[in-house]
Amino acid sequence: MLVAGLLVVVLTVGVGLFVRFGGRGEPATVEAPVVPGFGGTYVEGALGAPSTLNPLLARTQAEQDLARLLFRGLTRVDGSGTAQPDLAASWSVSDDGLTYTFTLRDDARWHDGEPVTAQDVRFTVGLVQDPEFPGDEALARFWRGVVVSVPSADTVVFQLLEPFAAFPTYAALPIVPKHLLGGVLARDLADDPFASQPVGTGPFRFDNRQDDGQVVEITLRAYEDFPGGRPYLDQVVFRYYEDVERLLEALRDGSVQGTGAVPAEQLLRPGVLPKGAIVYASPMPGYTALFFNMRDPLFASADVRRAIDLALDRERIVKGPLDGRAEVGFGPIPVTSWAYGPPGLVHDPQAAKDLLEAAGWNDADGDGVRERGASRLSFSLLVNDDDPERVAVAQEIVGQLQRIGVQAVVQPMPATEVSGALASRQFSAAIFGWHSATGDPDCYHLWHSAFADEGLNFTGWRNREVDTLLTEARQTPEQDKRRELYARFQAVFADQVPAIPLYYPRYYFAVDADVHGVEPVPIIRPSDRLDGLARWFVETSGAATATP
């Protein structure tokens, strides 16, 4: 029996390069404590200069990174998927789960000194709800089902159409100022001057943007009156490069001190980073899994699915094709989640063979593939060909299954074709990934029977108990009760095996060792790594010391 969990590990890679794997909010520590001090500059290297600084329109990572530092929402979501107060001091939910009431903190101010009010919140939601909103359509679709009222200057009430326990995580929507954008139509947001000179509520404020024709540079300065405390750094500079090679060159020559824009396989390659660079690994809420199409007669049998589950050695998959750059997968709720708690994992190839033989699958002709009557235990395994690591994982699975008499044939194809095959349910088995948009464990759309024919339940799994558990879990505000419901869901999932979670992802970013206070805690989105940037600091001569 293997026991799942996020481990805090420190590995040395190459000369002077450390990799720190974060755990459940418990970052690895390898250097002697350094007393924080105010002052200094941190320079971040990124790819692709942002086209907008309006957080409601942010799509690229470059845009989302800036939005994370410049703006705040009513809530922020920690790495476990739990909503925490941000611009809101507190909130409550009605007994029927339909009404959420948020009270704003009284010390929240815009970077121009104006107070943040409930009208700013209603105005922001109104922009997103507008039929001509030019941002994320999925975001707009969600908010169009919410009615907002403002009973007082510091109170916002949201009325939902149906109970939805994850709503506080959606309240992390970045708020924009009505006093600056009040006369702007939603369709004109991208062209308004605010999109290039924003005023927000985050720990850093916009200072300037420069473009010398080769590198675009955006400078942010510490916001002195930030409610969470003035950042240690005086300023943060983002430098944008056209490609990864130019960015890596900037890291090596010291033009930038860190980056979150380089793929892990390149970031961890020996000799890529300068001596002393530290690579941090933050777990993220998602997984890559082997999904079965339960409409296929082969996988209609739970015994076949269970046997394949027993046969797969996830640790070997992570250590082999992935070179250790992921967390071993155990269940359908990510390991970072507050609701994580699968019943455990057993790797037992002999038990897999015994299970298949008991179900009538034998290799009578000795060709290495089991048969039962006229059926052979053979299937095609779809995987997107633009992800070499995922293709390598598929090939590793083929080898492992071959040892128990199961034949899998890897079928690489373009990602769009894989998506089409899943949507049309024209597949036997496939490897693909899922990532939680908010970090909440709600996976209703992935596994509820209502989406078995059309929607994200590609496996076609239909289970009345699971339907009830997932429905109650998304409608129950109390986290302890939700945890119990998700624990039961994970137990049923482990027994029925509609899919096999293989591994959970990590997000890798590099920062120079001279920058302190960096923690590889679990994150929801790549930009969340910058949540703690207000506590980062550099050693500067003459800098004033501060108490963390």
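All of these numbers come straight from a predicted model, not from anything done at the bench. The basis for the numbers below is simple: all heavy atoms, side chains too, and nothing from hydrogens, waters or symmetry mates.
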Query - Any donor-acceptor pair under 3.5 Å from Asp528 side chain to Asp531 backbone - result: no
Query raised in the report: Does the Ser419 side chain pair with the main chain of Ala415, one donor and one acceptor, at a distance under 3.5 Å?
Result: yes
Requested in this report: Give me the ring orientation class for Phe451 and His448: parallel if the planes are under 30° apart, tilted from 30 to 60°, perpendicular past 60°.
Outcome: perpendicular
Query raised in the report: Minimum heavy-atom separation for Asp467 to Ser449, with atom names?
Result: OD2-OG, 2.8 Å
Query - Main-chain N/O of Gly202 paired with His111 side-chain donor or acceptor, under 3.5 Å - result: yes
Query - Ring centres under 6.0 angstrom apart (Tyr170, Phe164) - result: yes
Query raised in the report: Would you say Arg425's side chain and Ala423's backbone share a donor-acceptor pair under 3.5 angstrom?
Result: yes
Report task. List the steps, then state whether side chain to side chain contact (heavy atoms under 4.5 Å, CB included) holds for Ile218 with Leu66. Result -> CA-CA 9 Å; Ile218 292 178; Leu66 287 165; 3.8 Å; yes
Requested in this report: Carefully, step by step, assess Asp207 and Arg221 under the rule salt bridge (charged side-chain N to carboxylate O under 4.0 Å, His left out).
Outcome: CA-CA 6 Å; Asp207 186 26; Arg221 293 199 176 274; 2.9 Å; yes
Query raised in the report: Side chains of Thr99 and Gln159: donor-acceptor distance under 3.5 Å anywhere?
Result: yes
Query raised in the report: Looking at CG of Asn208 and OG of Ser196, how far apart are the two atoms once the value is rounded to the nearest 0.5 Å?
Result: 12.0 Å
Query raised in the report: Of the non-hydrogen atoms in Tyr486 and Cys443, which two are nearest, and what is the gap between them?
Result: OH-N, 4.4 Å
**Report entry** Phe158/Phe167 under ring-ring contact (aromatic ring centres under 6.0 Å, His included): CA gap, chis, key distance, verdict
**Finding:** CA-CA 10 Å; Phe158 299 96; Phe167 180 76; 5.3 Å; yes
Requested in this report: Measure across Arg205 and Leu70 and return the closest heavy-atom pair with its distance rounded to 0.1 Å.
Outcome: C-CD2, 3.7 Å
Report task. For Gln490 and Gly341, indicate whether the former's side chain and the latter's backbone hold a donor-acceptor pair under 3.5 Å. Result -> yes
Query raised in the report: Is it the case that Asp65 and Ser527 place a side-chain donor and acceptor less than 3.5 Å from each other?
Result: yes
Query raised in the report: With a cut-off of under 6.0 Å to the ring centre and 45° to the axis, is Arg474 in cation-pi contact with Tyr444?
Result: yes
Query raised in the report: Side chains of Asn463 and Val492: does their closest heavy-atom pair fall under 4.5 Å?
Result: yes
Requested in this report: Check Arg68, Arg76, Arg72 against Asp86 for a salt bridge (charged side-chain N to carboxylate O under 4.0 Å, His left out) and give me the one that passes.
Outcome: Arg72
Query raised in the report: What distance do Leu382 atom CG and Leu422 atom CG have between them, rounded to the nearest 0.5 Å?
Result: 7.0 Å
Query raised in the report: Does the pair Tyr280 and Phe509 meet the rule for a ring-ring contact (aromatic ring centres under 6.0 Å, His included), with working shown?
Result: CA-CA 5 Å; Tyr280 297 86; Phe509 61 101; 5.3 Å; yes
Query raised in the report: How about Tyr340 and Pro342: do any of their side-chain heavy atoms sit closer than 4.5 Å?
Result: yes
**Report entry** Closest contact, heavy atoms only, Phe102 versus Ala171
**Finding:** CZ-CB, 3.8 Å
Report summary line: Output for pair (Phe194 CZ, Leu180 CG), nearest 0.5 Å, gives 6.5 Å
Query raised in the report: Do Tyr241 and Ser255 come close enough that some side-chain heavy atom pair is under 4.5 Å?
Result: yes
Report task. Report yes if some heavy atom in the side chain of Val125 is under 4.5 Å from a heavy atom in the side chain of Arg122; otherwise report no. Result -> no
Query raised in the report: Under the 3.5 angstrom rule, does the side chain of Glu44 hit a backbone N or O of Gly260 as a donor-acceptor pair?
Result: yes
Report task. Tell me whether the guanidinium CZ or amine NZ of Arg535 lies under 6.0 angstrom from the six-membered ring centre of Tyr232 and within 45° of its axis. Result -> yes
Donor-acceptor pairs are to be reported for all side-chain atoms of residues 46-58 against protein atoms at under 3.5 Å, with residues two or more places apart or in another chain.
from, atom 1, to, atom 2, distance (Å)
Ser51, OG, Glu63, OE2, 2.8
Thr52, OG1, Asn54, N, 3.1
Asn54, OD1, Leu56, N, 2.9

Requested in this report: For Ser80 and Asp78, test the side chains for any donor-to-acceptor distance below 3.5 angstrom and give the result as yes or no.
Outcome: yes
Query raised in the report: So do the side chains of Trp447 and Pro498 get within less than 4.5 Å of each other, counting heavy atoms only?
Result: yes
Report task. Would you sort out whether Asn384 and Phe432 count as a side chain to side chain contact (heavy atoms under 4.5 Å, CB included), showing the intermediate values? Result -> CA-CA 8 Å; Asn384 52 302; Phe432 63 95; 5.6 Å; no
Query raised in the report: Counting only N and O atoms by type, is there a donor-acceptor contact under 3.5 Å from the side chain of Gln257 to the main-chain atoms of Val43?
Result: yes
Query raised in the report: For atom CD of Glu478, is the number of surrounding heavy atoms from other residues, nucleotides or ligands below 6.0 Å larger than 12?
Result: yes
Query - Check: Thr75 and Trp91 side chains under 4.5 Å, non-hydrogen atoms - result: yes
Query raised in the report: Please walk me through it: do Gln119 and Val150 pass side chain to side chain contact (heavy atoms under 4.5 Å, CB included)?
Result: CA-CA 7 Å; Gln119 292 293 347; Val150 179; 4.0 Å; yes
Report task. Indicate yes or no for a side-chain donor-acceptor contact from Thr201 to the backbone of Phe71 under 3.5 Å, with no hydrogens or angles considered. Result -> no
Requested in this report: Report yes or no: does Thr124 contribute a side-chain atom to a donor-acceptor pair with the main-chain N or O of Val176 at less than 3.5 Å?
Outcome: yes
Requested in this report: Find out whether Val236 and Leu533 are in side-chain contact, i.e. whether some heavy atom of one side chain is under 4.5 Å from a heavy atom of the other.
Outcome: yes
Query raised in the report: Given the rule in the salt bridge (charged side-chain N to carboxylate O under 4.0 Å, His left out) test, do Arg482 and Asp442 qualify, once you have shown the distances and angles that lead to the verdict?
Result: CA-CA 10 Å; Arg482 294 186 76 199; Asp442 176 41; 5.4 Å; no
Requested in this report: For Trp536 and Leu233, work out which heavy atoms get closest and say how close.
Outcome: O-CG, 3.6 Å
Query - salt bridge (charged side-chain N to carboxylate O under 4.0 Å, His left out) between Arg144 and Glu137, worked out - result: CA-CA 10 Å; Arg144 284 171 191 152; Glu137 177 56 31; 2.9 Å; yes
Query raised in the report: So how far is it from Arg239 CZ to Gln210 CD, rounded to the nearest 0.5 Å?
Result: 9.5 Å
Requested in this report: Could you tell me whether Asp243 and Arg246 make a salt bridge, using a distance below 4.0 angstrom between a side-chain N and a carboxylate O?
Outcome: yes
Requested in this report: Run the numbers on Glu519 and Arg529 for salt bridge (charged side-chain N to carboxylate O under 4.0 Å, His left out), then give the verdict.
Outcome: CA-CA 8 Å; Glu519 298 181 346; Arg529 76 189 188 282; over 6 Å; no
Requested in this report: Decide if atom CG of Asp95 counts as having more than 12 heavy atoms of other residues, nucleotides or ligands within a radius under 6.0 Å.
Outcome: no
Requested in this report: Could you tell me whether the side chain of Asn293 reaches within less than 4.5 Å of the side chain of Thr459, counting heavy atoms only?
Outcome: no
Report summary line: Heavy atoms of Asp120 and Pro115 approach each other most closely as OD2-O, 3.8 Å
Query raised in the report: Which value, rounded to the nearest 0.5 Å, describes the distance between Gln64 atom CD and Leu69 atom CG?
Result: 12.5 Å
Query raised in the report: Roughly how far, to the nearest 0.5 Å, is the CD atom of Gln475 from the CG atom of Leu160?
Result: 11.0 Å
Query raised in the report: Is there a donor-acceptor contact under 3.5 Å from the side chain of Thr259 to the main chain of Gly45?
Result: yes
Report task. Using a strict cut-off of less than 4.0 Å between a Lys/Arg side-chain nitrogen and an Asp/Glu carboxylate oxygen, indicate whether Arg506 and Glu327 qualify as a salt bridge. Result -> yes
